Amino acid sequence: MARKVLVLGEVRDGTLRNVSFEALSAGKTIAEGGEVVGVLVGESVSALGQELIQYGANRVVVVEHAKLGQYTSDGYSQALWAVIEEEKPEGIVFGHTALGKDLSPRIAGKLNSGLISDATAIEVAGGNVVFTRPIYSGKAFEKKIVTDGIIFATIRPNNISALQKDDSLSGEVHSLTVDIKDLRAIIKEVVRKASEGVDLSEAKVVIAGGRGVKSEEGFEPLKELANILGGAVGASRGACDAEYCDYSLQIGQTGKVVTPDLYIACGISGAIQHLAGMSNSKVIVAINKDPEANIFKVADYGIVGDLFEVVPLLTEEFKKLKINA
Amino acid sequence: MNIYVLLKRTFDTEEKITIAGGKINEDGAEFIINPYDEYAVEEAIQVRDAHGGEVTVISVGNEESEKQLRTALAMGADKAVLVNIEDDVEASDQYTTAKIITQYLKDQEVDLIIAGNVAIDGGSGQVGPRVAESLKIPYVTTITKLEIEGTKVTVIRDVEGDSEVIETTLPLLVTAQQGLNEPRYPSLPGIMKAKKKPLEELELDDLDLEEDDVEAKTKTIEIYLPPKKEAGKLLTGDLHDQVKELVTLLHTEAKVV
Ligand SMILES: Cc1cc2nc3c(=O)[nH]c(=O)nc-3n(C[C@H](O)[C@H](O)[C@H](O)COP(=O)(O)OP(=O)(O)OC[C@H]3O[C@@H](n4cnc5c(N)ncnc54)[C@H](O)[C@@H]3O)c2cc1C
Ligand SMILES: Cc1cc2nc3c(=O)[nH]c(=O)nc-3n(C[C@H](O)[C@H](O)[C@H](O)COP(=O)(O)OP(=O)(O)OC[C@H]3O[C@@H](n4cnc5c(N)ncnc54)[C@H](O)[C@@H]3O)c2cc1C
């Protein structure tokens, strides 16, 4: 059954987030041969339209307004609602990011529709679009279908592969004028924690430190290892609470959810709230001096030892590997 | 000030999870107040103590949910409402829950609603914003600070580690993020008092709802545990050799670097 599917392109610092390309791929699966319409919302974002098309959108609708420079639920929902009324889609996909989590339930509420949040896989089986999502803090999974109304889902970053970019594609980028009315919640100030380097939730390699890292300087060897592997540095709540690093690095139920190819946990005990944010990683390595630490239960490989000895040695070995390669 | 807390009884996910008959096995499992809803209860009590008013805790669930509601009353909430849907609703999802909560709240004088940002079992984070949308009031999710002055409200919102300072007004719905406060433990006198506090039990009928009005829009067709991971490989021997072996394994066996 061919469907028209809207996919929201999420813009950060002037570029599209990777999860939006993955969302286009998800949109294509849901469309079952129908049309995938990219949506861009912001102050000045139409230049990004072609990129959505190169990643699989058939065309793009853009809503630009001075009040949309920053995400607010009031502003964005008015913009999206106008697009939904004009396009009357049968499917919608957002990334399961801070923005997607905040906005999607509101739109679903207004549509009186279901919403499948945080999907990690999508397939068409037995005439249904079937979504897989983690439940119980990642200790179990459920498969879900929509039984009534629009198929609306948010997808977890780094789980559904984006389509190959095709530079030869081009298509229509159409602008929709929307009168954005009063915003009832106004952002007065944003305190941004400059997270340098690779975006944690989209990184292929994550080197994470816990309370075992012991200080801010203790993160240095982890940063070096991350550099060699082109990865990002993350942390447990324990490390954030102890002020060894910033909360923007926190991984887990209250922090970021990551699904890298390789996750190296250094001095992290493996509390369930931490595991909820990383247990889906493809390969997990644990470095901990306590052989009983819970993190070893989810690890594919483990080294019992002092991270301050092990991590620099690892960096050296990976350097050798890179040179020989 | 009329403050409402949305509270979910959840499975304690620290416990071992098993499946029986295609469902999560609840026999002998530990149930708790969803941890983010504990922050919500605590914040509601603090707001009431500072500004006056009343804290009402609402849960949609079954008769077992009374236990978690009593705990919230023991912490200091004033009243509780349990909408027991066990006998009436066969298929429930976030649409169902939000619809029922909205139906109850739309007839109340509401100043502030506090929910958790996410339930640790269902994990969707939908119920709060859905309720706010249906009540046509503003909402702010994942907050770590709340300040109220008259009808003016200033909140700090956690956005993947960045923080936004947001100004808005009552009536308002917020969802609690870790860091908002430290929930108190119920005191012994609190537990004694809680037994006498009002706990109203309602069914769909009492809210003028029929099963069809709240029927789920989505359906779970399968629940399963992740494929059992083979026991991880704990490396042994000289530390240098362990590190060499690990790099080789990651390169040739796991092929991730
Ligand atoms: C509602 C709620 C939400 C939460 N959300 C999150 C979340 O999103 N993310 C999160 O991470 N936590 C979260 N937590 C906290 C979580 O429960 C744990 O407290 C936290 O993850 C512990 O951090 P840690 O593993 O770094 O510290 P610890 O548990 O103290 O572990 C430190 C580990 O380091 C090891 N170690 C020490 N020194 C060395 C060394 N030199 N070399 C090697 N190993 C060493 C120790 O053996 C130990 O295993 C949450 C808690 C609650 C209640
Ligand atoms: C009798 C019964 C039968 C059910 N059957 C099914 C089923 O067949 N399939 C299925 O998928 N789910 C079923 N559920 C679960 C239920 O539909 C969802 O768990 C619920 O809608 C909340 O979704 P969530 O866990 O994603 O919560 P989230 O949206 O993540 O919760 C966020 C916040 O919303 C508030 N909240 C959430 N749920 C409640 C609640 N129940 N009462 C008060 N506040 C709440 C809390 O503040 C919470 O922190 C059933 C529940 C009950 C009680």
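Sequence lines set the chain letters: A, B, ... in the order given, protein chains first and strands last, and positions in each chain run from 1. Scope of the values below: all heavy atoms of this structure, side chains included, with no hydrogens, waters or symmetry mates. Quantities reported herein were computed from a predicted structural model and do not represent experimental measurements.
Between chain B and the options A:Thr154, A:Ile145, A:Leu275, A:Asp261, heavy-atom pairs under 4.5 Å are most frequent for A:Ile145. If you tally non-hydrogen atom pairs under 4.5 Å between each of A:Val130, A:Val190, A:Thr254 and chain B, the highest count goes to A:Thr254. Heavy-atom pairs under 4.5 Å with chain B peak, among A:Glu142, A:His96, A:Arg106, A:Lys320, at A:Arg106. Comparing B:Thr10, B:Ile166, B:Thr169 by heavy-atom pairs within less than 4.5 Å of chain A, the highest count is held by B:Ile166. Here B:Leu250 is the residue among B:Val159, B:Asn117, B:Val140, B:Leu250 with the most heavy-atom pairs under 4.5 Å with chain A. When each of A:Val146, A:Ile187, A:Val310 is scored by its heavy-atom pairs under 4.5 Å with chain B, the top score falls to A:Ile187. Taking chain A as the reference chain and counting heavy-atom pairs below 4.5 Å, the highest number among B:Gly125, B:Gly232, B:Pro226 is found for B:Pro226. The candidate with the highest count of non-hydrogen atom pairs below 4.5 Å against chain A, out of B:Leu225, B:Leu246, B:Leu172, B:Asp93, is B:Leu246. Among B:Gly179, B:Ala132, B:Pro129, B:Pro35, the residue with the largest count of heavy-atom pairs under 4.5 Å with chain A is B:Pro129. Listed options A:Ile287, A:Leu115, A:Val205 were ranked by heavy-atom pairs under 4.5 angstrom with chain B; first place goes to A:Leu115. Chain A forms the most heavy-atom pairs under 4.5 Å with one residue out of B:Glu215, B:His240, B:Lys99, and that residue is B:His240. Put simply, of A:Gly109, A:Pro105, A:Gly230, the one with the most heavy-atom pairs under 4.5 Å next to chain B is A:Pro105.
The pair B:Asp37-B:Lys8 does not meet the salt-bridge criterion, since no charged nitrogen lies less than 4.0 angstrom from a carboxylate oxygen. Ion pair B:Glu160/A:Arg12 flagged as a salt bridge, since at least one NZ, NE, NH1 or NH2 atom sits closer than 4.0 Å to an Asp/Glu carboxylate oxygen.
Both the backbone and the side chain of A:Leu314 come within contact range of chain B, each with at least one heavy atom under 4.5 Å from a heavy atom of that chain. If you measure heavy-atom distances from A:Asn112 to chain B, the contacts under 4.5 Å come from both the backbone and the side chain. Contact annotation for A:Ser113: only backbone heavy atoms (N, CA, C, O) come within less than 4.5 Å of a heavy atom of chain B. Heavy atoms of A:Val283 lying under 4.5 Å from chain B belong exclusively to its side chain. The part of B:Ile137 that comes within reach of chain A is its backbone (N, CA, C, O), which places non-hydrogen atoms under 4.5 angstrom from that chain. Contacts between A:Glu189 and chain B at a heavy-atom distance below 4.5 Å involve backbone atoms as well as side-chain atoms. Contacts between A:Ala108 and chain B at a heavy-atom distance below 4.5 Å involve backbone atoms as well as side-chain atoms. For B:Glu164, the parts lying near chain A are the backbone and the side chain together; criterion is any non-hydrogen pair under 4.5 Å. If you measure heavy-atom distances from A:Asp102 to chain B, the contacts under 4.5 Å come from both the backbone and the side chain. Heavy atoms closer than 4.5 Å to chain B are found nowhere in A:Glu316, neither backbone nor side chain. At a 4.5 Å heavy-atom cutoff, the contact between B:Tyr95 and chain A is made by side-chain atoms alone. For A:Thr132, the part sitting under 4.5 Å from any heavy atom of chain B is the side chain, from C-beta outward, and nothing else. Interface remark: B:Leu235 contributes backbone and side-chain atoms alike to the contact with chain A (heavy atom separation under 4.5 Å). Of the atoms belonging to A:Val298, it is backbone heavy atoms, and not side-chain ones, that fall under 4.5 Å from chain B. Contact of B:Ala98 with chain A is not made at all, since no heavy-atom distance falls under 4.5 Å. Proximity to chain B (any heavy atom under 4.5 Å) is shown, for A:Ile107, by neither the backbone nor the side chain. Contact annotation for A:Ile186: both backbone and side-chain heavy atoms come within less than 4.5 Å of a heavy atom of chain B. Proximity to chain A is limited to the backbone of B:Ala216, based on heavy atoms less than 4.5 angstrom apart.
A:Ser77 contributes a side-chain N or O that, together with a main-chain N or O of A:Asp74, makes up a donor-acceptor pair within less than 3.5 Å. The backbone N or O of A:Lys188 sits nowhere less than 3.5 Å from a side-chain atom of B:Glu167 that would complete a donor-acceptor pair.
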| Checking side-chain contact (heavy atoms from CB on, under 4.5 Å) for the pair B:Leu135/B:Lys106: CA distance, chi angles, key distance, verdict? | CA-CA 7 Å; B:Leu135 293 172; B:Lys106 77 180 175 45; 3.9 Å; yes
| task | May I have the step-by-step check of side-chain contact (heavy atoms from CB on, under 4.5 Å) for B:Lys23 and B:Ile223, ending in yes or no? | result | CA-CA 6 Å; B:Lys23 289 199 168 125; B:Ile223 290 183; 5.5 Å; no
| Working for side-chain contact (heavy atoms from CB on, under 4.5 Å), residues A:Ile272 and A:Lys139 | CA-CA 9 Å; A:Ile272 175 69; A:Lys139 283 192 174 173; 3.4 Å; yes
| query | Between A:Trp81 and A:Leu111, does a side-chain contact (heavy atoms from CB on, under 4.5 Å) hold up when you go through it step by step? | reply | CA-CA 9 Å; A:Trp81 192 250; A:Leu111 283 165; 3.7 Å; yes
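With a 4.5 Å cut-off on side-chain heavy atoms, A:Pro157 and A:Lys256 do not count as touching. Contact annotation: the side chain of A:Arg156 approaches that of A:Asn280 to within less than 4.5 Å [non-hydrogen atoms, C-beta and beyond].
A donor atom on one side chain and an acceptor atom on the other are not found under 3.5 Å apart for B:Asp162 and A:Tyr247. Inspection of the B:Tyr36 and A:Gln253 side chains reveals an N or O donor paired with an N or O acceptor under 3.5 Å.
The aromatic rings of B:Tyr224 and A:Phe141 sit parallel to each other, their planes meeting at less than 30°, with 60° as the upper class boundary.
Counting heavy atoms of neighbouring residues, nucleotides and ligands inside a 6.0 Å radius, atom NZ of B:Lys136 exceeds 12 of them. Enclosure of atom CD in B:Glu210 is not indicated, since only 12 or fewer non-hydrogen atoms of other residues, nucleotides or ligands lie within 6.0 angstrom. Within a 6.0 Å radius of NZ in B:Lys145, no more than 12 heavy atoms belonging to other residues, nucleotides or ligands are found.
Between B:Ile100 and the options B:Leu105, B:Asp88, B:Ile58, B:Leu204, a side chain to side chain contact (heavy atoms under 4.5 Å, CB included) holds for only B:Leu204.
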